[in-house]
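Throughout, numbering of the chain's residues begins at 1 and tracks the sequence. Hydrogens, waters and symmetry mates play no part in the numbers below; they use all other heavy atoms, side chains included.
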Amino acid sequence: MTTQEQLTQVFNDNFVTYFRSHAAHVNITGRNFRSDHKLLAGVYERRQAQIDQLGELLRSIDAYMPCGIQDVLLDSQIDYSPIEGSADELLEAVRGDLELLKGSYEELMAVADDEGHAEISNYAQDQILDIAKSIWMLNSTLE
């Protein structure tokens, strides 16, 4: 896979992860609502911020950001089915999405390194660290 192809994959995966974590944030209920709601806000806000960043990275290598929502959904590795269930089920689903997204960023880092796109590799590494922190927080909350 090329940097452009993997960057597009990351865009798609990030977009679906953003949407699902935002839906979980809004729809979560339960005794730990306040802390779960706040935790999920951090997840979706950071993923939302990356939508523009990823689009601009694609443009920086003379590629275009995906323009069709159906293409984004169908080409994502993240399950785009409704995110529903108890608070723990929502947190587990978001964690699973983040684990897949982290893998997409790891692949991007490797491909970008191979093709000499140090700036994209560095960006991917920063996102891997951010996602790993979110996964740790979700794991700690679910224990």
**Message:** Can a donor-acceptor pair be found, under 3.5 Å and without considering hydrogens, that links the side chain of Ser35 to the backbone of Asn32?
**Reply:**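 Answer holds: yes.
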**Short side-chain to backbone donor-acceptor contact, Gln48 and Glu45, under 3.5 Å** =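 Checking the backbone N and O of Glu45 against the side chain of Gln48, no donor-acceptor pair under 3.5 Å is found.
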So, taking the atom named [atom1] in [X] and the one named [atom2] in [Y], what distance separates them when rounded to the nearest 0.5 Å?
| X | Y | atom1 | atom2 | value |
| --- | --- | --- | --- | --- |
| Leu101 | Gln9 | CG | CD | 10.0 Å |
| Leu98 | Thr17 | CG | OG1 | 6.0 Å |
| Gln127 | Ser104 | CD | OG | 12.5 Å |
| Ser121 | Leu108 | OG | CG | 7.5 Å |
| Asp97 | Ser134 | CG | OG | 12.0 Å |
| Met109 | Gln125 | CE | CD | 5.5 Å |

**Request:** Go through the steps to decide whether Ser81 and Asp79 satisfy the test side chain to side chain donor-acceptor pair (under 3.5 Å), and finish with yes or no.
**Result:** CA-CA 6 Å; Ser81 64; Asp79 178 16; 2.8 Å; yes
Common cluster, [X]/[Y], ILVMFWY with side-chain heavy-atom separation under 4.5 Å:
| X | Y | value |
| --- | --- | --- |
| Ile120 | Leu129 | no |
| Val10 | Val111 | no |
| Met137 | Phe33 | yes |
| Leu138 | Trp136 | yes |

**Item:** Flag for Gln77-Asp13: side-chain donor and acceptor within less than 3.5 Å
**Value:**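 Yes, because at least one side-chain N or O of Asp13 sits under 3.5 Å from a partner of the opposite role on Gln77.
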**Asked** Could you go step by step and tell me if Gln50 and Tyr105 meet the side chain to side chain donor-acceptor pair (under 3.5 Å) rule?
**Response** CA-CA 12 Å; Gln50 297 318 305; Tyr105 271 108; 4.8 Å; no
In the structure I gave you, are the side-chain heavy atoms of [X] and [Y] within less than 4.5 Å of one another anywhere?
| X | Y | value |
| --- | --- | --- |
| Leu91 | Leu40 | yes |
| Ile83 | Asn27 | no |
| Arg20 | Val94 | no |

**Message:** So which atom in Ala112 and which in Thr3 form the shortest heavy-atom distance, rounded to 0.1 Å?
**Reply:**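 Closest approach of Ala112 to Thr3, heavy atoms only: CA-OG1, 3.5 Å.
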**Request:** Write down the atom of Ile51, the atom of Phe11, and the distance for their closest heavy-atom approach.
**Result:**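 Result for this residue pair: O-CE1, 3.5 Å.
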**Request:** Measure the acute angle between the ring planes of Tyr18 and Tyr44, then classify it against the limits of 30° and 60° as parallel, tilted or perpendicular.
**Result:**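 Rings of Tyr18 and Tyr44: tilted, as their planes differ by 30° to 60°.
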**Message:** Does Phe19 have more than 12 heavy atoms from other residues, nucleotides or ligands lying within 6.0 Å of its CZ?
**Reply:**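 Open.
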**Message:** Once side chain to side chain contact (heavy atoms under 4.5 Å, CB included) is applied, do any residues pair with Glu5, and if so which ones, sequence neighbours excluded?
**Reply:**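 For Glu5 the side chain to side chain contact (heavy atoms under 4.5 Å, CB included) partners, ignoring immediate neighbours, are Met1, Thr2.
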**Prompt:** Sequence neighbours excluded, which residues qualify as side chain to side chain contact (heavy atoms under 4.5 Å, CB included) partners of Asn139?
**Reply:**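 Here the qualifying residues are Arg95, Ile135.
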**Pair Arg47 + Asp130, salt bridge at N-O below 4.0 Å** =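 Salt bridge flag = yes for Asp130 with Arg47.
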Only distances under 3.5 Å count here; give the side-chain donor-acceptor pairs of residues 53-70 to other protein atoms, sequence neighbours excluded, each with its distance to 0.1 Å.
| from | atom 1 | to | atom 2 | distance (Å) |
| --- | --- | --- | --- | --- |
| Arg59 | NH1 | Ala63 | O | 2.9 |
| Ser60 | OG | Leu57 | O | 2.6 |

